[in-house]
Amino acid sequence: MKDGRHYSKEDIILISESAIGKSLDEILNSKLIKIGKDKNKGGLGQLIEYYLFDIENNSESEPDFIDAGIELKVTPYKRIQNNQLSAKERLVLNIIDYNTEFANEFRSSHFWYKNNKIQILWYLWTEDGNKYTYKFTNYKLLDLAISEDLKQIESDWNEIITKIKDGRAHEISEADTMYLGACTKGANANSVRTQPFSKIKAKQRAFCFKTSYMTQLVRKYIGDYSNVEKIISDKSKTFIDYVNDVVDKYKGKTQKELLSIFKLDSKAKNINSMLVNRMFNVTGNIGETEEFLKANIIPRTIRIEENGRIKESMPFPTFKYKEIINQKWEDSDLRNTLEETKYMFFVFKMVDDEYVFKGIKLWNMPEIEIDNYVKKVWMKTVDVIKKGSIVKSIDSNGVRTTNFPGMSENLICHVRPHAANAEDTYELPVKDKHTGLNEYTKHCFWINNKYLEKLFSEFL
DNA sequence: GCATGATCATGC
DNA sequence: GCATGATCATGC
């Protein structure tokens, strides 16, 4: 058998090209290969590696194509509601060896050695397909050394390494970083490893390109990318350095001053987010720019009152009763969102009767909080829905009190309505016992305003 | 004053 | 029409 590990870059491209428009079944047929479907348990990636690129399954620390220095990745994308394309999953790279990787520099790291050139082969995932029928549609050689994102990726790598050096590998979260993440990888949450500067065992993790980052690559190289704005044109800066430069320029200015700087005259409710968009000189919303989308960063404006209070809690997207009860906490929408999303809060504080722009806070919820506090709220919510015990009582005005976990039960979050009105509902999987209703007002998880106040105490 | 239910406003 | 960010209203 040929040893595909010695293929050249040109070979790799030719072979990739030969797969375009075909499914695994079609590739095997064209090569007259028959494999017993029952005897292979490998994923599509492994099958392609073996049958298309002639590489034996291995767990080598070298790149798959050793001579060309290229790693092969087979990865899915999908079509979502509004006909847009989206990566189906993050791109998982090499497992992080906590005990050795910290001693390296970025360019001498295991990560760099294995992944600095990645041949991506994309296939279109569909609900009704399987690994033999998904069609390969595109390929692209990612050369990180010349990537416009290199600076940010290096900075992300360093951030992960810093946590290891600080003896905090067990506190690493995928949302800590922008493009390059550290995702959990292992049979289950109990797959743990030792770390060099702490006795606490840390979850096994691998470097990865986040789903949000992969989605932008999919749109750029496969889909339509004409409407996406970029905020940075300078390759020598990381995304976050650029943001800080912009923020420093306007920090300390009052809302009135900013309105005059940007020649805006508006009393709109979203006036602060309009001002933020102007600071970054984009025509749309900064949350829709390439950099924010890649890093899965959601911008939010926060208003702090004179006395330090934050009046309102912060809502998440509504959940569907029928869907949430079929999820497991470990891969629930809420947990995934919190694990993968970073928030960039633009803080406006009331000083002498006027809101002043005080700067930004970049934040993602620590996993310890997600898996302790938020989990409890989620579990109780699912339990209430499953038992059909949503409504606790109805007062004389018809206002209903629910058994969903409230603000006083948990330090971090609670469940409350989030709908156009009480009649704006989703179907229930189980009839509500108290009322007999088959549908109920849309609800969602909210982050408690008190928790937010603590989060922003540095701005007082 | 606070917790909780309810709803508004905007943009796609 | 709907999702989402933002806010209001009421009763204890």
Side-chain angles (χ1 to χ4, degrees), chain A residues 80-84 86 224 226-229 255 264 266-277 282-289 292-293 296-321 323-324 333-334 337-338 341 343-348 350 355 363 377 380-381 384 390-427 432 434-435 437 439-454 456:
Chain A
I80 53 176
Q81 298 92 0
N82 45 15
N83 215 28
Q84 276 205 304
S86 166
D224 177 14
S226 52
N227 292 324
V228 180
E229 280 186 275
Q255 201 181 52
L264 265 176
S266 168
K267 294 208 155 53
K269 275 186 182 163
N270 61 343
I271 185 71
N272 287 341
S273 68
M274 286 166 71
L275 290 174
V276 168
N277 291 333
V282 294
T283 56
N285 183 327
I286 51 165
E288 301 301 319
T289 58
F292 276 77
L293 290 171
N296 205 15
I297 293 177
I298 298 187
R300 291 260 171 136
T301 58
I302 278 278
R303 294 192 313 189
I304 306 180
E305 302 311 311
E306 194 106 47
N307 59 6
R309 298 299 317 278
I310 292 174
K311 284 189 192 158
E312 304 296 344
S313 298
M314 189 179 99
F316 285 102
T318 51
F319 50 77
K320 294 196 169 72
Y321 301 109
E323 286 177 10
I324 195 170
D333 289 341
L334 180 63
T337 301
L338 290 172
T341 312
Y343 292 87
M344 189 180 288
F345 293 104
F346 292 82
V347 180
F348 291 79
M350 184 64 87
Y355 283 112
W363 174 83
V377 172
K380 179 168 178 188
T381 302
V384 166
I390 295 177
V391 177
K392 188 195 282 178
S393 61
I394 305 178
D395 74 8
S396 52
N397 295 322
V399 175
R400 304 167 299 190
T401 306
T402 74
N403 285 309
F404 283 129
M407 213 185 251
S408 43
E409 285 176 55
N410 192 281
L411 289 174
I412 297 184
C413 62
H414 63 279
V415 169
R416 249 166 65 202
H418 194 208
N421 53 47
E423 282 71 49
D424 185 11
T425 59
Y426 281 130
E427 283 179 62
D432 183 61
H434 193 282
T435 57
L437 290 171
E439 50 188 292
Y440 204 76
T441 312
K442 291 173 185 172
H443 275 58
C444 77
F445 295 95
W446 297 69
I447 293 194
N448 300 352
N449 58 337
K450 278 202 172 150
Y451 177 82
L452 293 174
E453 279 170 14
K454 259 186 263 162
F456 290 96

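To find a chain, count down the sequence lines: A is the first, B the second, and so on, and within it residues start at 1.
- Nearest-nucleotide positions on DNA chain C place A:Thr318 closer to the 5' end than the other of A:Thr318 and A:Trp446.
- Atom-to-atom, CD of A:Glu312 to P of B:dT7 comes out at 16 Å; the value is rounded to the nearest Å.
- The base of B:dG5 sits within donor-acceptor range of the side chain of A:Arg416, with an N or O pair under 3.5 Å.
- For C:dG5, the OP1/OP2 oxygens have a side-chain nitrogen or oxygen of A:Arg300 closer than 4.0 Å.
- Rounded to whole Å, atom C1' of C:dT10 lies 9 Å from atom CG of A:Asp395.
- A:Thr441 comes within contact range of no nucleotide atom at all, as no heavy-atom separation falls under 4.0 Å.
- The interatomic distance linking A:Glu453 (CD) with B:dA3 (P) rounds to 10 Å, in whole Å.
- If you check every strand for non-hydrogen atoms under 4.0 Å, A:Thr301 touches sugar and phosphate atoms only.
- The residue A:His414 sits apart from the nucleic acid: no heavy atom pair falls under 4.0 Å.
- A straight line from CD1 of A:Ile447 to P of B:dA3 spans 16 Å, rounded to a whole angstrom.
- Going from atom CZ of A:Arg303 over to atom C1' of C:dC8 covers 12 Å, rounded to whole Å.
- Between A:Met407 and A:Arg416, the closest side-chain pair of non-hydrogen atoms falls below 4.5 Å.
- Close to B:dC2, at under 4.0 Å from its OP1 or OP2, lies a side-chain N or O of A:Arg309.
- Remark: A:Ser408 is in phosphate contact with B:dT4, judged by side-chain N or O atoms under 4.0 Å from OP1 or OP2.
- For A:His418 and C:dG5, a side-chain-to-base donor-acceptor distance below 3.5 Å is present, hydrogens and geometry of angles not being considered.
- B:dA3 atom P lies 18 Å from atom CE of A:Met314, rounded to whole Å.
- Using a 4.5 Å cut-off on side-chain heavy atoms (C-beta onward), A:Lys380 and A:Glu409 make contact.
- Rounded to whole Å, the distance from CD1 on A:Ile310 to C1' on C:dG5 is 15 Å.
- Ring orientation note: the planes of A:Phe456 and A:Phe345 are nearly perpendicular, at an angle over 60° on the 30°/60° scale.
- Ring geometry for A:Phe319 against A:Tyr321 counts as perpendicular: the plane angle is over 60°, on a 0 to 90° scale with 30° as the lower cut.
- Atom CG in A:Asn403 sits about 19 Å away from atom P in B:dA3, given to the nearest Å.
- A:Glu439 CD: more than 12 foreign heavy atoms inside a 6.0 Å radius.
- Considering CZ of A:Phe445 and OG1 of A:Thr318, their distance stands at 11.0 Å, rounded to 0.5 Å.
- Residue A:Ala420 is in base contact, counting any heavy-atom pair closer than 4.0 Å across all strands shown.
- Residue A:Lys311 is out of contact with every strand shown, counting any heavy-atom pair closer than 4.0 Å.
- For the 3.5 Å distance criterion, the side chains of A:Thr441 and A:Arg400 qualify, holding a donor opposite an acceptor.
- In the set B:dT7, C:dG5, C:dT7, B:dT7 carries the atom at the smallest distance from any side-chain atom of A:Pro417.
- Contacts of A:Tyr426 with the nucleic acid, taken as non-hydrogen atoms under 4.0 Å apart, involve only primed sugar atoms and P, OP1 or OP2.
- In the set B:dT4, B:dA6, C:dA3, B:dT4 carries the atom at the smallest distance from any side-chain atom of A:Met407.
- Within the 4.0 Å cut-off from OP1 or OP2 of B:dA3, at least one side-chain nitrogen or oxygen of A:Lys450 is found.
- For the pair A:Lys442 and A:Asn449, nearest-nucleotide mapping onto DNA chain B gives the more 5' position to A:Asn449.
- If you take OH on A:Tyr343 and CZ on A:Arg300, they are separated by 5.5 Å, rounding to the nearest 0.5 Å.
- Contact annotation: the side chain of A:His414 approaches that of A:Asn448 to within less than 4.5 Å [non-hydrogen atoms, C-beta and beyond].
- End-to-end axis angle for the helix from B:dG1-C:dC12 to B:dC12-C:dG1, using five pairs per end and rounding to 10°, comes out at 20°.
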